[in-house]
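Written out below as structure tokens is the structure these notes cover.
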Amino acid sequence: MSSAAKKASVDDLLAGLNEPQSQAVQTPSGPLLVLAGAGSGKTRVLTHRVAFLIAAQGVRPQEILAITFTNKAADEMKERIETLVGPVARTMWISTFHSACARILRKEAQQLGYRRNFTIYDAPDQLRVVKRCLKDLGIDDKRFPPKGIHAVISSAKNRLVDAEAFAGMVDDFFDDTVARVYSLYQEKLFANNAMDFDDLLMRAVSLFQLLPERLDYWRSAFRHILVDEYQDTNHAQCVLVNLLGKEHRNVCVVGDDDQSIYSWRGAEVRNILDFRSDYPEATIIKLEQNYRSTQTILTAANHVVSNNPGRMQKNLWTDLGQGEKIVMAEVDDEHAEARFVAGEVARLQQEDGCKPRDMAVFYRVNAQSRVLEDLFVRYGISYRVVGGTKFYERAEIKDALAYLLVIDNPSDSISFNRVVNVPKRGIGAASLASLTRFADAEGLSLTEAAARAGEISDLRPAGEKALAGFSGLIEELAATAASSPVAETLDQVLNSSGYIASLQAERTIEAEGRIENLMELVGVAEEYGRRQPDGSLREFLQEISLYTDVDKLTEQSETVTLMTLHNAKGLEFPVVFIIGAEEGVFPHSRAIEEQNLEEERRLCYVGMTRARQRLYFTYTTSRNLYGARSYNLASRFLAEIPDDLIDFRPMAGPARAGYGKTGARPSPYLGKDISGDVPPDLARPGRDEAAAFFHPGDRVAHAVFGGGVVTAVERGGTVAVRFEDGSERKLMVEYAPLRKVSA
DNA sequence: GAACGCCGTGTTTTT
DNA sequence: CACGGCGTTC
């Protein structure tokens, strides 16, 4: 490449960047912290910085390790870098922490006593192992719920506390039990030549800690490390970055403390706040210009999040103009909510020329999508749900994959048990018990034991025959796998096992759906074969096991997108609806109980800042939740948005007296310890708070008397209000359906 | 050995 | 409400 061409391309890389962005791209090697507010061009900076390192600093692509939060983000980044630097981009490591660790561990497995064909267990698999442990240890799974146990184990792993260390710091009975399970759980994973998600991180760390020589190797392999969404890294990930990066110190992390929303799975905002102490000489750059949202949306989001203490100060601004006000719609119940959203989706298409793909609906929990989906189907609005029951967690998909997993890793007993009698081939609990006993006695895997079914004395002839048949099937499939593309192996799995046939025999709609899903899986395998002609079954399985639904989210044109607020991270849409903005839903009741409102607020901030032009909030006065009707307050977050940014749409029909039907937008939230279960009345400002809450001059609204202005605040929780109809009334704040509209 | 149905229970977010 | 676990029945 001539130097002129090179220079031109470097100029290109910097063209169109604002000052701080350009600085972040050009800052020479060494630690760099980029605090990137929502929509401030973070991805742009990352991709351009990588390109800059390659084009201007002479860094070789394969020396770069770039970590993203999802596989989708990784793919996008790869693509964008490729357009900047060309096909060499393909030699870079751009992936999630988990994928990167898995890749490293494939090469290093033997160092840890694993074989390189280890299986990665997903959440349901992990739970199954926990359950088995509880059973083996004779622990009552009523008193020790597997999910809870697993959560504790997972959190320990994220803090790099292994089973032994955990046992050493136990200080109550529950943890003591967990410690025993943890230890057995690890044994079982190891015996199955399997790792869970957390192991990928923890084992990578221990590899590096145990074997300095391997650390040296990987350290010099990745001379430059870049980490996106650093605010959502956990301790293990942070340690990993430091192990690899602390020596050469070419560590660039990008993130936004206001967007940390994964503390429940071990993420520690502290990591980004502490970057300066880990790397005192770090350059720190703030990106504060937002290129995504209108000023209205931005101001509103800033107001909300500024209620959180201890933030890194940021001042997001935009020059995109004020734009539309934020619509806040009060509706009867979840059905009215769905109707409202569907109505607006239709209207925006007709009147504003919005495309369905421009619109997204965010909710707090997956269950909320149901009602919406029902109505969308009836309205003929096509939509897609991101997340929820994930494609790769569907039973039929997991069954098919379990066959492949057993073929690839015969030690994997979870997968073995999953498929040994699916479809039914007469291998029941009794036969399996014999098989397991035999395997344990002989020190064999279940697959190996099945191959020697004839030697199992207490097996009934029918069971023996069935097991031998299954064993033969697996061997046959393994032979195919050894010499054929993945898609072909999969096809044979589905047919030779009789899996498809048994579904066809069901003759139900669900079974047809399952077959379609399986065909889609075959499609995925074919696609893989095209992309990676030399790809192995193992690599295919690894890719799949770390793949989530968000990763699949491609720009399909004519559908509205439905997803949880968590899944919305990193995305943007011209129009965003945030539904269920109610106390107990969002913020979630459990977050209220656990006093973790700051994270909920950040979640709100993330949701709001996804919107480019229009932002809607909806809240219901009554909602069916878990089979029972509940009456919730409007979310406190709504009250944190300034009035002049809001287009309030009270419930249709005459305003009715009573809680939540005031026709006034929700007032600033006063209650401090109000959980979703507290009767609504208690959530109203009490007598003592009245004086602090209302001030003369406040604009208020009354459910019956309409709008007015506070003229006086009296003792005993009484305020005087002059209403728009000219009347003046004294009202008991404690009981009157009175809402503050603005101060 | 499999299928059905009952009951109790637990409900956030996910790499 | 929805699912998993467990007992009953064929």
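Letters A, B, ... mirror the listed sequences (proteins, then strands); counts begin at 1.
The distance between atom CZ of A/Phe197 and atom P of B/dT14, rounded to the nearest whole Å, is 12 Å. Rounded to an integer number of Å, the gap from NE2 of A/His566 to P of B/dT14 is 7 Å. Following rounding to the nearest Å, A/Leu597 (CG) and B/dT12 (P) show an atom-to-atom distance of 17 Å. Rounded to an integer number of Å, the gap from CD1 of A/Ile578 to P of B/dT13 is 17 Å. Going from atom CD of A/Glu334 over to atom P of C/dC1 covers 11 Å, rounded to whole Å. The CG-C1' distance, from A/Asp198 to B/dT14, rounds to 11 Å in whole Å. A straight line from CG of A/Asn158 to P of B/dT14 spans 16 Å, rounded to a whole angstrom. Note: CZ (A/Phe69) to C1' (B/dT13) measures 10 Å, nearest angstrom.
Note on ring orientation: taking the six-membered ring where Trp is involved, the planes of A/Tyr403 and A/Phe470 are tilted (angle from 30° to 60°). The aromatic rings of A/Tyr262 and A/Trp264 sit tilted, their planes meeting at an angle between 30° and 60°.
Listed nucleotides: B/dT13, B/dT12, B/dT15. Nearest to the side chain of A/Trp264: B/dT13. Distances were taken from every side-chain heavy atom of A/Thr564 (C-beta onward) to each of B/dG1, B/dT12, B/dT14; the shortest belongs to B/dT14. If you check B/dT11, B/dT13, B/dT15 against the side chain of A/Lys147, the one that comes closest is B/dT11. In the set B/dT15, B/dT14, B/dT12, B/dT15 carries the atom at the smallest distance from any side-chain atom of A/Thr96. Listed candidates were B/dA3, B/dG1, B/dT12. Nearest to the side chain of A/Lys424 is B/dA3.
The side chain to side chain contact (heavy atoms under 4.5 Å, CB included) test with A/Tyr363 is passed by exactly one of A/Ile579, A/Val371, A/Leu565, A/Thr618: A/Ile579. Screening A/Leu467, A/Val422, A/Leu435 for a side chain to side chain contact (heavy atoms under 4.5 Å, CB included) with A/Ile427, the sole residue that qualifies is A/Leu467.
Taking side-chain N and O atoms only, A/Asn366 has a distance below 4.0 Å to OP1 or OP2 of B/dT13. OP1 or OP2 of B/dT14 has at least one side-chain nitrogen or oxygen of A/Asn567 nearer than 4.0 Å. When the side-chain nitrogen and oxygen atoms of A/Asn234 are compared with OP1 and OP2 of B/dT15, none of them lie within a distance under 4.0 Å.
Nearest heavy atoms, A/Val305 versus A/Arg311: O-CD, 3.3 Å.
Using a 4.5 Å heavy-atom threshold, the side chains of A/Phe586 and A/Phe362 count as separate.
The same atom, C1', is picked in C/dG5 and in B/dT12; the two are 24 Å apart, to the nearest Å. B/dT13 and C/dG4 are spaced 15 Å apart, taking the P atom of each and rounding to whole Å.
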Pairwise N/O distances under 3.5 Å, protein to nucleotides 3-9 of chain C:
residue	atom	partner	partner atom	Å
C/dG5	OP1	A/Lys131	NZ	2.9

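Applying the side chain to side chain contact (heavy atoms under 4.5 Å, CB included) test to A/Ala336 and every residue at least two apart in sequence or in another chain returns A/Val331, A/Asp332, A/Asp333, A/Arg339.
Comparing A/Leu603 and A/Ser431 by the nucleotide of DNA chain B that holds the closest heavy atom to each, the one mapping nearer the 5' end is A/Ser431.
Across all strands, A/Ala462 comes closer than 4.0 Å to no nucleic acid atom at all (heavy-atom distances).
Annotation: A/Phe617 is not in aromatic contact with A/Phe637 [ring centroid separation under 6.0 Å not met].
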